[in-house]
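Below: the structure, in structure tokens.
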There are 2 protein chains.
Amino acid sequence: MSYYSAHPRFHLAVDCIIFGFRDDKISLLLLKRDFEPAKGECSLMGGFVRENESVDDAARRVLTELTGLTDIYMEQVGAFGKVGREPDERVVSVAYYALINIDDYDHELVESHNAFWVAIDERPDLIFDHDEMVSKALVKMRGMASEYPIMFHLLPKEFTLSKLQSLCEAIYGMPLDKRNFRKQVAHTACIEKVGAIDKSESKRGAALYRFNENVFRKTGIFKL
Amino acid sequence: MSYYSAHPRFHLAVDCIIFGFRDDKISLLLLKRDFEPAKGECSLMGGFVRENESVDDAARRVLTELTGLTDIYMEQVGAFGKVGREPDERVVSVAYYALINIDDYDHELVESHNAFWVAIDERPDLIFDHDEMVSKALVKMRGMASEYPIMFHLLPKEFTLSKLQSLCEAIYGMPLDKRNFRKQVAHTACIEKVGAIDKSESKRGAALYRFNENVFRKTGIFKL
DNA sequence: AAAAACGAGTGTATAATCAACACTTGCTAC
DNA sequence: GTAGCAAGTGTTGATTATACACTCGTTTTT
């Protein structure tokens, strides 16, 4: 196969920007690295792509290694391929963002990796080009969220409208009017009242809603 | 550097989705391959990433090899990393789209590569996963075009409003109302009349306009 | 047991934006 | 001089977006 063997080969990695929704803020799951390179600094969770594994699969594997979660919504952010982006060796990395429900992950696993949550606007500096990855992931995630109902991956299956509103406010980075917001939800067929009441966040209790994937697929309508 | 050397290495390629605007249609510059693998079939222009070259630089180099053009607007579409995406060897490819003014490229170079233009909706089947690359590039390009003034890269510096309208129609895939369109242009400070008249497309002649990058940077306003 | 605290829930009026629509102009070619 | 052709030009009605303040139901406090 001399056509191929004439060309160089590269280390290929994946890095995961793991978003969660915590204390009404978009948050990020980061590693405090207790290993080289860049031991002691903060980074995204990453790993090398294996021989017989697609790049997408590598990202899913790495996410599972850290959180224990499978079947998670992920999107590719892009390939990062500058020559000196890692100091010691050339590594090309493909970044992915993941949206997880912060109630669901495996806490022991996360602790054993020395990982921790930070609010997105309080994140520390990260190693290599991970800051750039996070910025691009945020832009891409916000863009997707304004067109497709991906935000529900950040919430439990059932949620109150107040929680959904504060999530939208966190994603779009601006306050929203409560009455206008609820008017829009009322016109969105794929968000339906479940009947139960949540009393954990208020004395009066708030109706619980859920996102109905099937209704969305039929109507294709979603705009919050 | 045993941390790194324990991990496999991969061939890394780039592929270019080269868009142009021809006969009022978005078009694509493709290769009729006179070389292996997949000789005789149609593909995107691509190439392998070199040792001391960033992935972005590889894409720019490959574009220049085919068209002779430099300083071209390009955006990364994403990394394509399925295990069997090329039949003979594993290659991970990063796709980029480029927007070029179809009057500008080096015709001899293009012919020597056996390359040709096709309208986007008349494109033949392409090898490997290049069809998927083109579809994703189109989605991304359309999304960008609806937010940022990238469409001007597809036009000569000076253009008539009729050309600009037919370009928008081609990008968004729908007819636009002439009066509404021109009203919007009139409210877009970064599109300015140049004074000259183009008589090549109509007997009466049409005013020429140009996009003013500086005005756009100041106002940040663009919406067509 | 009354009152205070707290988030849940609810409509209307105005402003802004979008969408639909048809004729006249200026030049050229016959 | 007239037929042909793309360029150019405003108004109206419909839809959508925005601004805004009080009552409800439950719990906690005094």
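Here the structure is a predicted model, which is why all the values come from computation and not from measurement. Letters A, B, ... mirror the listed sequences (proteins, then strands); counts begin at 1.
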**OP:** Take the protein atom CZ of Arg204(B) and the nucleotide atom C1' of dG26(C), then report the distance between them rounded to whole Å.
**Re:** 5 Å
Subject >> Candidate pair Phe152(B) and Tyr209(B), rule ring pair (Phe, Tyr, Trp, His ring centres under 6.0 Å), full reasoning >> reply: CA-CA 11 Å; Phe152(B) 300 103; Tyr209(B) 289 74; over 10 Å; no
**OP:** May I have the distance from Asp177(B) (atom CG) to dG8(D) (atom P), rounded to whole angstrom?
**Re:** 15 Å
Subject >> dG9(C) OP1/OP2 closer than 4.0 Å to side-chain N/O of Arg182(A) >> reply: yes
Original post:
More 5' along DNA chain C: Ser202(A) or Lys178(B), using each one's nearest nucleotide?
Top reply: Ser202(A)
Subject >> Between P of dG9(C) and CG of Leu164(A), the distance in whole Å >> reply: 12 Å
Original post:
Nearest-Å distance, CD (Gln184(B)) to C1' (dA19(C))?
Top reply: 11 Å
Subject >> Rounded interatomic separation in angstrom, taking CZ from Phe181(A) and P from dG9(C) >> reply: 12 Å
**OP:** Report the nucleotide, chosen from dG8(D), dG25(D), dG4(D), that has the shortest atom-to-atom distance to any side-chain atom of Lys203(A).
**Re:** dG25(D)
**OP:** State which of dT28(C), dA19(D), dG8(D) makes the closest approach to the side chain of Asn180(A).
**Re:** dA19(D)
Original post:
Does the side chain of Ser162(B) get closer than 4.0 angstrom to OP1 or OP2 of dA7(D) through an N or O atom?
Top reply: yes
**OP:** Round to the nearest Å and state the distance from Ile197(A) atom CD1 to dC24(D) atom P.
**Re:** 17 Å
Original post:
Are Glu75(B) and Lys140(B) close enough for a salt bridge, meaning some N to O gap below 4.0 Å?
Top reply: no
**OP:** Please say which of Ile18(A), Val134(A), Asp121(A) ends up in a side chain to side chain contact (heavy atoms under 4.5 Å, CB included) with Leu28(A).
**Re:** Val134(A)
**OP:** Starting from P on dT16(D), measure out to CD1 on Ile221(A) and report it in whole angstrom.
**Re:** 11 Å
Original post:
Can you find an N or O donor on one side and an acceptor on the other, under 3.5 Å apart, linking the side chain of Lys183(A) with the base of dT12(C)?
Top reply: yes
Subject >> Tyr172(A) OH: over 12 foreign heavy atoms closer than 6.0 Å >> reply: yes
Original post:
For dG11(C), does either OP1 or OP2 sit under 4.0 Å from a side-chain N or O belonging to Arg179(A)?
Top reply: no
**OP:** Determine, using ring centers only, whether Phe211(B) and Phe159(B) are less than 6.0 Å apart.
**Re:** no
**OP:** Using atom CZ of Phe159(A) as one end and atom C1' of dA8(C) as the other, report the distance to the nearest whole Å.
**Re:** 16 Å
**OP:** Under 4.0 Å between any heavy atoms, over every strand shown, what does Lys199(B) touch: base, sugar-phosphate, or nothing? Just pick one.
**Re:** sugar-phosphate
